[in-house]
Amino acid sequence: MKAFFGFTVLFLFSLAILDLSSGAQNQPLQKVHGIAVENIDRSVKPGDNFYLYANGDWIKRTVIPPDRAGINVFSRLSDLSNRRTQDLIQDIVKSNPPVGSSLRKVADLYNSYMDEAAIEATGLAPLRPHLDAIAAIRDQHELAHALGETLRADVDALNNTNFHTPNLFGLWVAPGFHDPDHYTAYLLQGGLVLPDREYYVSDSEHMRDLRAKYQTHVATMMKLAGFSDPDGRASRIVNLEHLIAQTHRTLAENEDIHRADNPWTRSEFAKDAPGLDWDEYFRGAGIGEITNFIVWQPEAFKGESALVASTPLETWKDWLAFHLIEAYAGVLPKSFAEARFAFFGKELSGAQQERPRWQRDVMIVNAQLGDVVGKVYAQKYFSPEAKAQAQDMVAKLIANYRKRIEALPWMNPSTKAEAEAKLSTLYVGVGYPESWQDYSNYDVKPGDIFGNMWRGSFSRYERETARLGKTVNRREWSMTPQTVNAVNLPLQNALNFPAAILQPPFYDPKAPPAVNYGAIGSIMGHEISHTFDTEGSTFDAKGGLRNWWTPDDLKHFESATAALAAQYSTYKPFPDLSVNGKQTLAEDIADLAGITAAYDGFHATLAGKTAPLQDGFTGDQQFFIAFGQNWGSKVREPALRQQVLTDPHAPAQYRAETVRNVDAWYKAFDVKPGEALYLPPNERVVIW
Ligand SMILES: [Zn+2]
């Protein structure tokens with residue numbers, strides 16, 4: 001489950017943490033094959049702050065560009081990937097592909113967003129019919145229908161971990177908890193525009209201040225769209241969102257699979273969550289015939305449904321109108337896009353200016369037609385040799401993982417057999433998928449960016465709902481090849497390593513094994529071990545939700561993971577904000593298990609010999625520094641605060657510092673008691 005690197009782009013036009021500082025062209029980031037010695041800060045003791053030791057000099061000389069909330073290794077590679085994708089799109093545009101082809105769709109979609117003059121000239125016209133339809137809602141029945149019409153396949157509980165939708169609810173189509181061979185409808189809480197319930201309910205001064213600014217922003221948008229009494233409407237909209245937020249589960253609660261396992265039949269909605277006219281809601285959503293769902297957060301469905309009945313109709317209509325305007329502000333005239341950026345870009349992430357238009361356009365094409373460009377990308381930038389080498393590395397890591405499990409002294413043979421069954425059926429996708437997404441139901445029109453975005457999200461919804469009840473394709477991917485990330489798909493028992501992460505500095509066929517295992521090896525190990533984190537360990541080899549642990553083994557696992565959660569909860573990025581070790585636990589387990597598996601993998605390549613020194617560093621030192629350098633980053637305060645609250649991953653520094661749990665790290669850097677990261681051997685957490 002879960003992508004390797006989080007901080008999902010909640011706000012397409014403002015929030016991505018990406019870097020444009022290097023000015024590099026279409027070239028790989030790194031020319032040296034090995035650790036980046038020039039990034040090390042030798043004035044810092046590794047045992048005091050390993051993150052700063054590995055990255056300090058890079059941090060000192062790096063300035064966050066004004067259009068970014070922060071920068072890191074992932075964002076620098078994403079920039080490279082975006083530039084390449086942009087070049088591919090330009091080539092597609094120039095080739096004038098035949099009308100109706102998927103390449104034509106790419107060209108028309110891209111051009112429709114670049115044509116700013118047309119967007120200004122069209123004004124609010126494309127939005128008008130939708131606003132008129134909202135204004136015409138006369139009663140609860142019609143409101144339920146309209147709310148149903150907003151349902152989209154825009155959340156993802158376990159793969160890319162996205163629990164956020166501004167619509168009342170969100171749909172996730174995935175293999176069933178108890179029927180992993182068939183696609184099932186999962187329904188998730190929604191209704192908030194701000195990133196998480198914490199933004200509404202937290203009493204901190206920082207959040208109170210943000211809420212006041214948010215309400216001003218809502219009023220600005222309503223005013224721009226021509227509504228009377230924008231301040232009054234904004235106050236009622238924000239108040240309704242506050243009430244919705246109070247019904248929501250926290251992110252840490254959302255990650256508890258057992259609490260999410262709530263099968264509801266259609267009749268149970270009216271019985272257990274009265275208020276909303278559910279028949280009309282599902283009719284509006286176009287899925288009136290679906291009879292079985294899994295409801296992730298029953299109390300939110302109960303609470304939100306009750307709010308539909310108890311809150312005045314006019315307030316819901318304003319809420320619908322505002323959510324619509326906000327969702328499409330980025331493709332409306334400049335005044336809307338700028339107002340949106342002023343709040344979501346500046347206030348919520350700290351970026352000072354919008355990213356160049358072409359970059360936002362590449363993100364649009366990736367979001368709507370990602371596989372069309374991805375197929376071309378994979379052909380051009382991922383060789384069969386690179387694929388074979390990466391596959392070989394994953395296979396070695398899985399073999400080492402298996403050995404580790406076999407050797408675990410605390411685990412019973414029956415649990416070991418189940419764990420090994422998971423490893424032996426694990427599907428590992430490397431580079432690009434075996435089959436590509438079919439976008440034939442997506443109608444792209446030249447010069448109609450609003451309509452293209454609208455139809456894009458709707459065609460995705462139609463593709464997803466059409467799969468309900470059908471047989472699961474376990475080899476299907478959830479990331480495009482041009483994505484700099486990796487992911488474990490627990491319900492498919494599968495891993496995806498896209499082409500764009502399999503390049504320097506993460507993976508360099510010319511670098512020493514110490515460095516490749518420290519960098520990409522720990523990422524591969526991380527994804528493999530998600531199979532056995534707090535969430536992954538609840539699914540069996542077929543992806544079914546089943547407890548396959550003996551009580552003793554489960555007890556041991558839970559006490560070891562509780563110790564890791566406690567360790568992370570001591571980290572405080574700000575005096576008023578701590579890391580929530582429970583919220584980040586699954587990722588923290590994966591990081592720790594990942595580096596452990598990678599370390600074994602590195603040593604297996606040595607076959608008892610000593611690794612050659614490079615720049616005076618031993619093999620083990622290179623391994624740990626390469627791992628630490630995965631995490632070099634610089635983030636603006638609002639974005640880092642947002643990450644702590646909404647990301648299942650801990651901030652980069654603490655991910656790097658999990659080395660303090662690994663015995664070999666102490667030896668490699670001669671770390672002694674009294675140094676800040678030092679843990680006595682009995683406090684080092686060992687899970688796998
Ligand atoms: Zn992960």
Side-chain angles (χ1 to χ4, degrees), residues 5 19 21-25 27-64 70-80 393 484 501-523 591 594-595 598-599 601-603 605-606 609-635 652-660 662 664-672 675-677:
F5 186 72
D19 162 31
S21 64
S22 63
Q25 298 306 309
Q27 299 303 318
L29 288 183
Q30 205 170 323
K31 298 209 172 57
V32 181
H33 306 292
I35 52 171
V37 177
E38 71 280 11
N39 292 353
I40 296 173
D41 182 348
R42 292 174 199 256
S43 71
V44 177
K45 261 194 190 169
D48 278 338
N49 190 328
F50 189 65
Y51 169 77
L52 273 188
Y53 170 75
N55 301 293
D57 276 16
W58 176 83
I59 291 170
K60 278 184 214 159
R61 62 172 188 266
T62 298
V63 177
I64 303 173
I71 75 175
N72 57 36
V73 182
F74 293 84
S75 67
R76 289 160 68 211
L77 266 188
S78 281
D79 275 352
L80 176 63
M393 203 165 159
V484 182
I501 199 172
L502 297 169
Q503 55 179 327
F506 292 123
Y507 176 58
D508 178 359
K510 291 187 184 137
V515 176
N516 276 329
Y517 275 89
I520 195 74
S522 65
I523 295 175
D591 280 340
I595 188 174
Y599 183 79
F602 160 50
H603 274 260
T605 66
L606 294 175
K609 293 197 190 104
T610 306
L613 290 181
Q614 189 163 332
D615 298 299
F617 293 104
T618 66
D620 276 19
Q621 287 174 336
Q622 292 171 55
F623 171 86
F624 286 111
I625 291 169
F627 172 77
Q629 290 187 339
N630 277 354
W631 300 117
S633 67
K634 242 182 149 158
V635 187
Q653 169 168 2
Y654 312 120
R655 297 187 73 175
E657 288 178 352
T658 200
V659 293
R660 66 196 301 213
V662 183
W665 173 74
Y666 288 81
K667 238 195 218 158
F669 295 96
D670 195 23
V671 177
K672 294 265 176 13
E675 295 178 12
L677 290 176

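Since we're looking at a predicted model, the values are computed, not measured. The basis for the numbers below is simple: all heavy atoms, side chains too, and nothing from hydrogens, waters or symmetry mates.
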*Can you name the closest pair of heavy atoms from Gly619 and Ala611 and give their distance?*
CA-CB, 3.7 Å
*Using modelled atom types only, decide if a donor and an acceptor are shared between the side chain of Lys634 and the backbone of Ile59 within a distance under 3.5 Å.*
yes
*asked:* Using the ring-ring contact (aromatic ring centres under 6.0 Å, His included) criterion, which residues pair with Tyr507? Sequence neighbours excluded.
replied: none
*What's the shortest heavy-atom distance between Ser633 and Asn72, and which atoms?*
CB-CB, 3.4 Å
*Hey, what do you get for CZ (Phe506) to CD1 (Ile523), rounding to the nearest 0.5 Å?*
4.5 Å
*List for me each residue that meets salt bridge (Lys or Arg N to Asp or Glu O under 4.0 Å) alongside Lys510, sequence neighbours excluded, and say none if there are none.*
none
*Where do Leu80 and Gln503 land on the side chain to side chain contact (heavy atoms under 4.5 Å, CB included) test, with the steps shown first?*
CA-CA 11 Å; Leu80 176 63; Gln503 55 179 327; 3.6 Å; yes
*For the side chain to side chain contact (heavy atoms under 4.5 Å, CB included) test, which of Asp591, Asn630, Ile595 pairs with Arg655?*
Asp591
*Give a yes or no answer on whether the side chain of Gln622 reaches the backbone of Ala514 with a donor-acceptor pair at less than 3.5 Å.*
no
*What are the two closest heavy atoms between Gly521 and Ala598, and how far apart are they?*
C-CB, 3.6 Å
*Closest heavy-atom contact between Val44 and Tyr53?*
O-CD1, 3.3 Å
*State yes or no: are the ring centers of Phe624 and Phe50 separated by less than 6.0 Å?*
no
_Partners passing side chain to side chain donor-acceptor pair (under 3.5 Å) against Thr610 (at least two apart in sequence or in another chain)_ = none
*Looking at residues at least two apart in the chain, or sitting in another chain, which of them share a side chain to side chain donor-acceptor pair (under 3.5 Å) with Asn49?*
none
*asked:* Is it the case that atom NZ in Lys609 sees more than 12 heavy atoms from other parts of the structure closer than 6.0 Å?
replied: no
*asked:* Using the side chain to side chain donor-acceptor pair (under 3.5 Å) criterion, which residues pair with Tyr599? Sequence neighbours excluded.
replied: His603, Asp620
*asked:* Looking at every heavy atom in both Pro504 and Leu77, which two are closest together, and how far apart are they?
replied: O-CD2, 3.5 Å
*Considering non-hydrogen atoms only, spot the tightest contact between Ile35 and Ala626 and give its length.*
CG2-N, 3.7 Å
*Got a donor-acceptor contact below 3.5 angstrom from the Asn55 side chain to the Tyr51 backbone?*
yes
*Atom pair CD1 (Ile71) and OG (Ser78), whose distance is rounded to the nearest 0.5 Å*: 12.0 Å
*Just do the side chain to side chain contact (heavy atoms under 4.5 Å, CB included) check on Val671 and Leu677 with the steps written out, would you?*
CA-CA 9 Å; Val671 177; Leu677 290 176; 5.8 Å; no
*Output, in order, the C-alpha distance, side-chain angles, deciding distance and verdict of side chain to side chain contact (heavy atoms under 4.5 Å, CB included) for Lys672 and Tyr666.*
CA-CA 8 Å; Lys672 294 265 176 13; Tyr666 288 81; over 6 Å; no
*Under the side chain to side chain donor-acceptor pair (under 3.5 Å) test, residues paired with Arg61 that sit two or more places apart*: Asn39
*Would you check, one step at a time, whether the test side chain to side chain contact (heavy atoms under 4.5 Å, CB included) holds for Ile625 with Ile40?*
CA-CA 9 Å; Ile625 291 169; Ile40 296 173; 4.0 Å; yes
*Only counting residues at least two apart or in another chain, list the ones meeting ring-ring contact (aromatic ring centres under 6.0 Å, His included) with Tyr654.*
Tyr571
_Residue pair Asp57 / Glu38, side-chain heavy-atom distance below 4.5 Å_ = no
*Provide the full list of salt bridge (charged side-chain N to carboxylate O under 4.0 Å, His left out) pairs with a residue in residues 45-56, sequence neighbours left out, each pair given once.*
Lys45-Glu675
*Sequence-distant partners of Gln621, side chain to side chain contact (heavy atoms under 4.5 Å, CB included), two or more places apart*: Phe617, Thr618, Ala668, Phe669
_Looking at Gln614 and Gly34, would you say the former's side chain and the latter's main chain have a donor-acceptor pair under 3.5 Å?_
no
